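Below is one structure, written out as structure tokens; the observations come after it.
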Amino acid sequence: MQTHAKKLLVVITEGALEKLLARDVRRLGAHGYTVSDVRGGGEHGERAADWEADRSIRMEVIGDEAVIGSIAEHILATYCPNYAVSMYVSDCGVLRPHKF
Amino acid sequence: MQTHAKKLLVVITEGALEKLLARDVRRLGAHGYTVSDVRGGGEHGERAADWEADRSIRMEVIGDEAVIGSIAEHILATYCPNYAVSMYVSDCGVLRPHKF
Amino acid sequence: MQTHAKKLLVVITEGALEKLLARDVRRLGAHGYTVSDVRGGGEHGERAADWEADRSIRMEVIGDEAVIGSIAEHILATYCPNYAVSMYVSDCGVLRPHKF
Amino acid sequence: MDVVVLFFLLGLGARLAGSDLRLPEALYEALSIFLLLAIGMKGGVELAGQPLATVGPQAIAVIALGVLLPLVAFPILRSVGRLNRFDAGALAAHYGSVSVVTFAVAITFLTSRGVDYEAYFPVFVVLMEAPAIVVGIVLARRGAPGKPVAWGALAHEVLLGKSIVLLLGGLAIGWIAGPAGVVPIKALFMDLFKGVLALFLLEMGLVAGSRVGELRRYGVFLVAFGIGMPVLSAAIGIAFATAMSLSPGGTMLLATLAASASYIAAPAALRIALPEANPGLSIAASLGITFPFNITLGIPLYSHMAGWAATLGGR
Amino acid sequence: MDVVVLFFLLGLGARLAGSDLRLPEALYEALSIFLLLAIGMKGGVELAGQPLATVGPQAIAVIALGVLLPLVAFPILRSVGRLNRFDAGALAAHYGSVSVVTFAVAITFLTSRGVDYEAYFPVFVVLMEAPAIVVGIVLARRGAPGKPVAWGALAHEVLLGKSIVLLLGGLAIGWIAGPAGVVPIKALFMDLFKGVLALFLLEMGLVAGSRVGELRRYGVFLVAFGIGMPVLSAAIGIAFATAMSLSPGGTMLLATLAASASYIAAPAALRIALPEANPGLSIAASLGITFPFNITLGIPLYSHMAGWAATLGGR
Amino acid sequence: MDVVVLFFLLGLGARLAGSDLRLPEALYEALSIFLLLAIGMKGGVELAGQPLATVGPQAIAVIALGVLLPLVAFPILRSVGRLNRFDAGALAAHYGSVSVVTFAVAITFLTSRGVDYEAYFPVFVVLMEAPAIVVGIVLARRGAPGKPVAWGALAHEVLLGKSIVLLLGGLAIGWIAGPAGVVPIKALFMDLFKGVLALFLLEMGLVAGSRVGELRRYGVFLVAFGIGMPVLSAAIGIAFATAMSLSPGGTMLLATLAASASYIAAPAALRIALPEANPGLSIAASLGITFPFNITLGIPLYSHMAGWAATLGGR
Ligand SMILES: Nc1ncnc2c1ncn2[C@@H]1O[C@H](COP(=O)(O)O)[C@@H](O)[C@H]1O
Ligand SMILES: Nc1ncnc2c1ncn2[C@@H]1O[C@H](COP(=O)(O)O)[C@@H](O)[C@H]1O
Ligand SMILES: Nc1ncnc2c1ncn2[C@@H]1O[C@H](COP(=O)(O)O)[C@@H](O)[C@H]1O
Ligand code: NA
Ligand code: NA
Ligand code: NA
């Protein structure tokens, strides 16, 4: 199995940002993204997902280091000041490098 | 905390493949798998999960490098030509190596 | 993009443990956690999530190596003997190190 | 226009206007389970009194109709539409199979006009689900290299899929329980039927609205096929109905079944059995064009066509 | 056979035939919330007119029944079944506690036959949920080393769990609002009750069907226990009912409550309080055997048994 | 107290007692879709007969009321509450906009007492959703540095959001179909209305119960504002209603709309348009205090206030 090194960015944040983030990551060069519904807790308190203003999402984006870096910086500057956001980056390997 | 190196394979694809993949990964040597419902977008367009033919899943499999490699190769050959599939591999550590 | 090394712990287990784990990880020093609903299969058989006693969750915790280590040890000792638990640790990088 | 169709237009309009309105997927699934069970049950209650001598030959004719329609559609798709064999086979399968919700709207149309029909019609819905799917796959695979069809898995997927299990289950329950037996559950399954259909159509409008955009990608042939094929199928359905001596209401229903395109059973089955086909194409056609056409203009048209046929036939 | 039971058989049959039919989990939860509230409310409305002098002593008897049943089951499970103390305690807890849906089917059985019963029976359902769970845990833990039971957490889990909160809440609402007060919501909670029960039983059939496979793993004792224990419990329930001077309908209902095995409150509570017990065992028995047995053969049998008891007692 | 309010209290009590009871999110969404459609449709059916000459001027007055209320609230929040401009603007927007469920409870209150009202009132609900949101944002942003408001995106979010699309869609469907046209779907949308409202209030009780804890963090001013502001708004609403010559029932309804605070449209819009505002603050106030106050004590109070106003006005 020959893999090619890419970066994986995971963003956990308020459901209200889903549409904005999906647009942003595409604009900043990602070829795709994946979203799931989550719940959890952090410095902004518990987000139990039990009604609409309380929904959280987890977005996953795979891409080149440069693309992932600029997405992360953008989120840090744009959303982190006013929204509940957790974000981390890790290494991953993909089989079809052109795809990401 | 003493961990043992394993590989984590993540496959994001159409809901229609769930049963087939679950069977395949077991057959190829994985001891288990985990599935969640996701939505997202990629080269095959947006998959909004708003009705049944549009559902996407995210499957996670932990295993030895060899097992994960053969699962990834199998998916690449069998499903990637005709289905929307994203796939990546990363390193992880487990506490109970016999389990995976 | 300047990232700081942290550990990511992923625990996949029975839905019945959600509240207990959320309490435990906070007590052991994590600043937060994220939970999603999953289904899957492992040594304890298939967990199809089709009714309440059969639900599984996936919990994700980001933290310092020491905190993640003590959470993992605690789960290993407390829950692994009697519950269906899968658990792995991986490296990740965060942009705001104080947050985790 | 029936009130339920207004719900479809609301969903369609909301999505085309750019609204994010979504029905939760669990609600969509719950409504479709309800509709399938209720339709089946209604037919089953009526089936009790029917002589097998009447229903048997009609059933065979209906299966033949399901086999014939994809055989008509396939060459059109190949020659006029210039589609590859996989896409042509998949579309032929969708258009030969049936849409249960289109059928439900047709029933609403008839009842609101006081027109009678053979009450055991849900049996025909069940019988028309599968044959076209099989024929479409055979047409696509015939002589083609590549992996053979896993007919066992396909039979499992189609015959034990949601549509057939619930329709057939509803039929069996209605038949066993009989008119008196279903009284305690009438308040749910009968009285709420049209309201539930309205909600389901709202969701279908939202989904159809999302597909309209894709039509541009596939061009004008698909739009023409999505309207022309149902009308052709309806005519064929009326010919069959006449041969079967169905009532005027039943003739219109068979025309509607023929004209309707599957978007539950067929997509699920074909995604597995014919992965080379582009699923976006079939769904854009069946949900983005044919379904809206059928429930707004098609059903009234098929009703007229059934009337003309009756006049021609001197009935 | 009542029509609602046919829905159970449809679900069971579909799953055993290998269908993937699934009800969305949200629908399952919604239906169970509905049933618990509706059953509670129905009882609460009736409770208004009851003298405490009648209900009080009966309530104490019912709690005693809930304590007795696991004490009967435990030694059987240990000696005949050769189960370890944890599994035996867990099973004893499940079988001493009650299944609200089995109760609902029994009520449907009685009303469709026009048999009266003490209308405040839902109070007894609430009272029988918890005691057996506590007794089962004590039996398993008694004298065993290991961590002590967190009784506080357990009380929280059981008393504030879905079943008791919604049954009790429904009772309180029905009691406060009274017959006139609930009229505006009757169309939802009363008229649709049997239809909702039917849908819920469809889901239960699917779930039960998934469990049947596991039975092989646990062997013949579990099957025998899953049928024998309810019948024995029903007999004990009838003895209590006779001592409590319940009506024939009430006698049959108490027999059914005794015979039914919990699959909502007990599994949730025991997974936390008795983690050493194998949850698959209890659920295979209660859902895979006892529930199907009760709603098909058990309820008619308990009705007969109640009749024999009445004849014996010269009533 | 109406039975639907008891469901709210059950949810509130269960959560405060520490129960984990949860309604699935899909059920919550399904219920809210149902309520919005049903309220809209009911109004639309009635709108058919109304002369535009009556409704037109009233509509303008209602929009003016929606603009005025945040202008009253903002200075109070800034000076007495010492809130920053963002939080003050956000709260003003919530309290100037409306809560559809509070409106539904008020309608239930009136119908159970046989009081008439202008049946096209749902039109006013639609008209009062948006203006206060715009005003609140302008108040917060006025003269402040920082990024400009994306008014286009905001209009999209509010005007194509769930509340307005479904209310307006329901209105249009009711209006087009007319009283006879909606008969087939009455069993779902009309007969079940109060039962569905009851279930929704159960969920609202659970959510409100989760918010009560947060109130401690925000202090006594928020509690006072959460009760005082609705009463003040109701008085202003009654003045408007008197000027608009509404019926006593309509006067009470306008008072309730004025008094109610949004928790669907406003939070969604403000989270995007005013991210600097703390969403916990607005939601703690509107869901933790004002909503419970309104449906228990507020609505009867506003009914009395409307009565006094009528007496004063010599009607
Ligand atoms: N240490 C953590 N590990 C995993 N997830 C976290 C962590 N901290 C926060 N989160 C998630 O990120 C969301 C927003 O975090 P916060 O801004 O800290 O409230 C929370 O609701 C959690 O779902
Ligand atoms: N770059 C990416 N990052 C994360 N998820 C992706 C990415 N590309 C595709 N996906 C996911 O994989 C699914 C199938 O991808 P595709 O075959 O590219 O359409 C999409 O619907 C997304 O959920
Ligand atoms: N090798 C694996 N890869 C991914 N997920 C697994 C694996 N093994 C187990 N799981 C997940 O962990 C849960 C509990 O595992 P187990 O205790 O092995 O039954 C399963 O239901 C799966 O969701
Ligand atoms: Na057809
Ligand atoms: Na019992
Ligand atoms: Na207001």
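As the structure is a prediction and not an experimental result, all values here were calculated from the model. A, B, ... follow the sequence lines: proteins, then strands. Residue 1 opens every chain. The analysis underlying the following values was restricted to heavy atoms, covering all of them including side chains, and did not include hydrogens, waters or symmetry mates.
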Counting C-beta onward and ignoring hydrogens, is there a side-chain heavy-atom pair between [X] and [Y] closer than 4.5 Å?
X: C:E60; Y: A:Y88; result: yes
X: C:Q2; Y: A:E73; result: no
X: C:T3; Y: A:M87; result: no

Q | Salt-bridge contact C:R96-A:E43 (side-chain N to carboxylate O under 4.0 Å) | A |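 Between A:E43 and C:R96 there is no salt bridge, as every charged N stays at least 4.0 Å from the carboxylate O atoms.
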
Just so I understand: if I count every heavy-atom pair under 4.5 Å between each of [options] and chain C, which residue has the most?
options: A:G69, A:G41, A:G42; result: A:G41
options: A:S90, A:G40, A:A72; result: A:G40
options: A:V89, A:L8, A:V38, A:V10; result: A:V89

Look up atom [atom1] in [X] and atom [atom2] in [Y], then write down how far apart they are to the nearest 0.5 Å.
X: C:Y33; Y: A:E46; atom1: OH; atom2: CD; answer: 3.5 Å
X: A:I57; Y: C:S36; atom1: CD1; atom2: OG; answer: 13.0 Å
X: C:T34; Y: A:I12; atom1: OG1; atom2: CD1; answer: 3.5 Å
X: C:K99; Y: A:C80; atom1: NZ; atom2: SG; answer: 7.5 Å

Q | Part of A:S56 lying under 4.5 Å from any heavy atom of chain C | A |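 It is neither, since no heavy atom gets under 4.5 Å.
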
Q | chain C contact via A:R47 - side chain, backbone, both or neither, heavy atoms under 4.5 Å | A | neither

Q: Would you mind telling me which of C:M59, C:E18, C:R58 has the largest number of heavy-atom pairs within less than 4.5 Å of chain A?
A: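 Ranked by contacts with chain A, first place is C:E18.
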
